[in-house]
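Inspection log for the structure reproduced underneath, given as structure tokens.
Counting starts at 1 for both ligands and their atoms, in listed order.
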Amino acid sequence: MTILGIESSCDECAAAVVIDGKEILSNVVATQIPFHAIYDGVVPEIASRKHTEWISQVAGEALGKAGINPSLVDGVAATAKPGLLGSLLVGLSFAKAFAWSLNIPFIGTDHMLSHLYAPRLCPARGSVQDVPDYPFLGLLVSGGHTIICKVSDFDQVSVLGTTIDDAVGEAFDKVSKHYGFGYPGGAYIDKLAVSGNTEAFSFPMPNLHKGEHRYDVSYSGLKTAVINQLDQFRRRDKNGNPYAASPENIAASFQKTAVDILLRALLHAVEDTGLTTIVAGGGVAANSYLRKCLSERKDLRCIFPPPDLCGDNGAMVAGIGYQYLVKGVTSPLTLTASSRVTEFKRRYP
Ligand code: KG4
Ligand code: ZN
């Protein structure tokens, strides 16, 4: 089955063609980063306008690169939630019109479930992926979400923990914005941290690892410490001299604490559920320090999609769309977009 997947939940205008939920024939991602970089953040109005200008061309390019005539597409999937409403509506409307005009099934998908699907894709013809069996623990870490969940099937997720304030990617972006490292912040901090000292600052861990918050995380305290209270947390070297407040040292110390916060909650979930397979997804899953820390754990099987499938892309949408279609699940053309997903809010007892 040949599926066209459309993704426009934020600032990537993306389309892909995937066969049988697995083999990627094409994966086109048109990034809007240069248009938002001058504002140091995504401007929703600009995002939806750019999607409107680009979507048709991006989908055409995905079909062209795959060598697939539109009449050979068996179904079209598009992200319906969560995300920026105006942006979502562009991709969703395009996909619905595409499906309607060819009289093929349409399916609206969930962005976070799509990220969890990414490791099941084969990035190149004939490549073999390390595909996890269900159930496993999901670690969804992006600019908008930080979710630790138990994943029982491609469409069945129960949320164990979330952030109680900022998402982890948001913290990377805000720290980077404050210090002028670059936009979006994650990749810049990751790069700077390579030559920085993780011990230069001892930033505080949030105090919420007990009771009902065992799997939750918080980033507002860390963000405040790094941005407003840097000197309070500066360490001294063995000669008693304070470490330099260099971009590299700030990035390395911040990144270490940000990842430690995630790992503490994740390891609680491993301990309590007995699940030792972890699938990471979302832009922050590209972080080299997070990948290193998890891959060093010999007691865990940690699966990271290749970096180009960690961020937003159409292939993961086409892949999960196929799974719905083989189950006979389609969406009505009346389906609308939704900026939030109540299923991804943790329910407290
Ligand atoms: O999944 P994604 O592309 O879009 C959302 O759904 O939010 O994630 C974007 C987020 C941004 O906050 C970006 O700074 C972060 O992922 N990110 C990273 C890295 N690459 C992207 N964070 C840490 N390290 C990275 N290497
Ligand atoms: Zn995403």
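A donor-acceptor pair under 3.5 Å is absent between the side-chain atoms of D74 and the main chain of I3, judged by distance alone.
Against a heavy-atom cut-off of under 4.0 Å, G143 is close to the following atoms of ligand 1: 5 (C), 7 (O), 8 (O), 9 (C), 10 (C), 12 (O). Within ligand 1, the atoms closer than 4.0 Å to a non-hydrogen atom of D190 are 24 (N), 25 (C), 26 (N), numbered from 1 in the order shown. Listed by number with element, the atoms of ligand 1 under 4.0 Å from a non-hydrogen atom of G144 are 7 (O). Annotation for ligand 1: atoms under 4.0 Å from non-hydrogen atoms of G282 are 1 (O). Counting atoms of ligand 1 from 1 in the listed order, those under 4.0 Å from a heavy atom of G169 are 12 (O). Less than 4.0 angstrom separates some heavy atom of A286 from each of these atoms of ligand 1: 26 (N). The atoms of ligand 1 that sit less than 4.0 Å from any heavy atom of H115 are 1 (O).
In the hydrophobic clustering of ILVMFWY residues, with side-chain heavy atoms under 4.5 Å counting as a link, Y117 and V159 come out together. Connection of L4 to L88 is not established within any shared hydrophobic cluster, with ILVMFWY side chains joined at heavy-atom distances below 4.5 Å, either directly or through further cluster members.
Atom CG of L139 and atom SG of C149 lie 8.5 Å apart (nearest 0.5 Å).
If you check the side chains of D165 and S218, you find a donor sitting under 3.5 Å from an acceptor. Side-chain polar atoms of N228 and H178 form no donor-acceptor pair below 3.5 angstrom. Using modelled atom types, one finds no donor on one side chain facing an acceptor on the other under 3.5 Å when comparing Q156 with Y134.
With a cut-off of 2.8 Å, the Zn ion (ligand 2) has no N, O or S atom of C10 in range. The distance from the Zn ion (ligand 2) to the nearest N/O/S atom of H115 is under 2.8 Å.
In terms of polar-atom proximity, G283 is counted as a contact of ligand 1, with an N or O under 3.5 Å from an N or O of the ligand. Geometrically, ligand 1 and S288 share no nitrogen or oxygen pair separated by less than 3.5 Å. Checked by distance only, ligand 1 and C310 stay at 3.5 Å or farther apart across all their nitrogen or oxygen atoms.
A ring-centre distance under 6.0 Å is found for F154 and Y324.
Distance from atom 22 (N) of ligand 1 to its nearest protein heavy atom, with residue and atom name: G186 CA, 3.2 Å. Nearest protein heavy-atom neighbour of atom 24 (N) of ligand 1: N287 ND2, 3.0 Å.
A187 counts as a contact of ligand 1, since one of its heavy atoms falls under 4.0 Å from the ligand.
Residue contacts with ligand 1 for D312 involve both N, CA, C or O and side-chain atoms from C-beta outward (heavy atoms, distance under 4.0 Å). Here H111 has side-chain heavy atoms under 4.0 Å from ligand 1, and that is the only part of it that gets that close. By the criterion of a heavy-atom distance under 4.0 Å, the side chain of D173, and not its backbone, is placed next to ligand 1.
Ion pair E53/R49 not flagged as a salt bridge, since none of the NZ, NE, NH1 or NH2 atoms sits closer than 4.0 Å to an Asp/Glu carboxylate oxygen.
Taking the Zn ion (ligand 2) as reference, D312 places its N/O/S atom OD1 nearest.
Environment of CG in N239: crowded, with over 12 heavy atoms of neighbouring residues, nucleotides or ligands closer than 6.0 Å.
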Evaluation steps, side-chain contact (heavy atoms from CB on, under 4.5 Å), between R301 and T276:
CA-CA 6 Å; R301 180 179 172 216; T276 53; 5.8 Å; no

